[in-house]
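Computed over heavy atoms, backbone and side chain alike; hydrogens, waters and symmetry mates excluded.
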Amino acid sequence: MSGTQYTDNYWTKIQKLIDKKGITASKLSHLAGFPDNGSIYALKSGRIKRPSFWMIMRIADALEVSTDELRPDKQGEKKS
């Protein structure tokens, strides 16, 4: 998977979750504890190609989901 596809897939999953929660990317940034919106917008725009585990963990916590739900290599898989 290329860097751009990887980022697009992360952002696609994040966007679906923020839409479902009815929040903005800016609000997500605040909930995740980032000092400004720069990190979220860098991920959204593709400037961050491979987000750190720390970043994904903070976003997952803010969205109240597991980090697995944000993985680009998982396509809605659920463990039984």
Side-chain angles (χ1 to χ4, degrees):
M1 186 177 293
S2 75
T4 302
Q5 275 184 307
Y6 209 75
T7 302
D8 290 347
N9 288 338
Y10 263 121
W11 187 254
T12 299
K13 289 186 174 201
I14 292 168
Q15 185 68 57
K16 285 179 185 175
L17 290 166
I18 64 175
D19 288 348
K20 185 177 177 180
K21 287 196 163 287
I23 62 174
T24 63
S26 180
K27 179 68 173 176
L28 173 61
S29 184
H30 172 75
L31 292 171
F34 297 127
D36 57 37
N37 298 333
S39 295
I40 293 295
Y41 287 104
L43 181 60
K44 182 177 181 178
S45 71
R47 286 193 335 254
I48 293 177
K49 302 280 187 237
R50 297 216 178 221
S52 68
F53 179 74
W54 177 85
M55 182 180 203
I56 293 302
M57 185 180 67
R58 300 285 297 261
I59 292 170
D61 286 349
L63 292 170
E64 300 174 325
V65 298
S66 74
T67 54
D68 278 349
E69 289 185 59
L70 300 180
R71 287 178 55 180
D73 58 334
K74 301 291 182 184
Q75 299 298 321
E77 297 173 15
K78 296 272 185 195
K79 293 183 180 178
S80 14

Practice prompt. Over all heavy atoms of both residues, which pair between Met55 and Ile40 is shortest? Give the atoms and the distance, please.
Written response: CE-N, 4.3 Å
Response to the item:
Residues at least two apart in sequence or cross-chain that pass side chain to side chain donor-acceptor pair (under 3.5 Å) with Lys21, listed by chain then number, are Glu64
Worksheet entry | Rounded distance (nearest 0.5 Å) linking atom OG of Ser29 with atom NZ of Lys44 | 12.0 Å
Practice prompt. Report the residues that fulfil side chain to side chain donor-acceptor pair (under 3.5 Å) with Ser26, sequence neighbours left out, ordered by chain and then residue number.
Written response: Asn37
Worksheet item: Taking only residues two or more places apart in sequence, or in another chain, which ones meet Leu17 in a side chain to side chain contact (heavy atoms under 4.5 Å, CB included)?
Response: Leu63, Val65, Leu70
Worksheet item: Can you check whether Ile56 reaches Tyr10 side chain to side chain, under 4.5 Å on heavy atoms?
Response: yes
Item to complete: For Ile18 and Thr24, work out which heavy atoms get closest and say how close.
Response: CD1-C, 4.2 Å
Practice prompt. Verify salt bridge (charged side-chain N to carboxylate O under 4.0 Å, His left out) between Arg58 and Asp61, making sure each step is shown before the conclusion.
Written response: CA-CA 5 Å; Arg58 300 285 297 261; Asp61 286 349; over 6 Å; no
Worksheet item: Less than 4.5 Å apart, any side-chain heavy atom of Ile59 and any of Thr67?
Response: no
Worksheet item: Quick one: ring-ring contact (aromatic ring centres under 6.0 Å, His included) pairs with a partner in residues 19-72, sequence neighbours left out?
Response: Phe34-Trp54
Worksheet item: Quick one: side chain to side chain donor-acceptor pair (under 3.5 Å) partners of Asp19, sequence neighbours excluded?
Response: Gln15
